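Worth knowing before you read on, the calculation uses all heavy atoms, side chains too, and leaves out hydrogens, waters and symmetry mates. Keep in mind that what you see is a predicted model, and the values were worked out from it rather than measured.
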Amino acid sequence: MAFIGTTNRFNELRNDFLKDTGAKNVEDNLELYTLYVIARFTDQNNRLLNNLMNELQEMHKIIKRV
């Protein structure tokens with residue numbers, strides 16, 4: 001089972017934003033950066049919930065056998 005948690009990737013996220021959007025800096029594109037961060041967090045949460053659901057389904061199968 002995977003450990004639930006996140007790592008601090010602030011600088012990596014900032015660099016990804018600049019690379020993905022072609023923007024020169026975050027300060028001049030703060031609204032777009034905010035949307036980008038929200039989308040990345042939403043994606044991360046979705047993946048986490050999906051993985052947790054899969055783990056629960058597997059646990060349910062094992063418990064049913066016992």
Side-chain angles (χ1 to χ4, degrees):
M1 181 184 271
F3 177 73
I4 299 173
T6 60
T7 57
N8 185 351
R9 296 177 39 215
F10 178 77
N11 290 329
E12 186 178 329
L13 186 63
R14 181 183 200 99
N15 292 337
D16 286 350
F17 168 76
L18 296 174
K19 182 178 70 173
D20 292 345
T21 63
K24 301 291 183 221
N25 59 44
V26 171
E27 291 77 17
D28 292 341
N29 300 290
L30 201 49
E31 289 178 8
L32 182 59
Y33 183 65
T34 302
L35 292 174
Y36 184 84
V37 169
I38 290 170
R40 292 286 295 262
F41 284 156
T42 301
D43 179 59
Q44 182 179 18
N45 286 336
N46 185 42
R47 290 172 191 242
L48 177 63
L49 289 174
N50 189 29
N51 289 338
L52 286 172
M53 195 64 176
N54 290 338
E55 291 284 337
L56 286 172
Q57 287 174 348
E58 289 300 315
M59 287 175 59
H60 179 70
K61 289 178 188 175
I62 293 170
I63 290 172
K64 274 180 96 172
R65 283 187 230 149
V66 174

[Y] and [X], any side-chain heavy atoms less than 4.5 Å apart:
X     : Y     : answer
Thr42 : Ile38 : yes
Tyr33 : Glu27 : no
Arg47 : Asp43 : yes
Asn29 : Tyr36 : no
Gln57 : Met53 : yes
Val37 : Phe41 : yes

What's the spacing between [X] [atom1] and [Y] [atom2] if we round to 0.5 Å?
X     : Y     : atom1 : atom2 : result
Asp20 : Arg40 : CG    : CZ    : 7.0 Å
Glu58 : Ile63 : CD    : CD1   : 11.5 Å
Met59 : Asn54 : CE    : CG    : 13.0 Å
Leu56 : Asn51 : CG    : CG    : 11.0 Å

*asked:* I'd like to know if Leu18 and Leu32 are part of one continuous hydrophobic network [Ile/Leu/Val/Met/Phe/Trp/Tyr, side-chain heavy atoms within less than 4.5 Å].
replied: yes
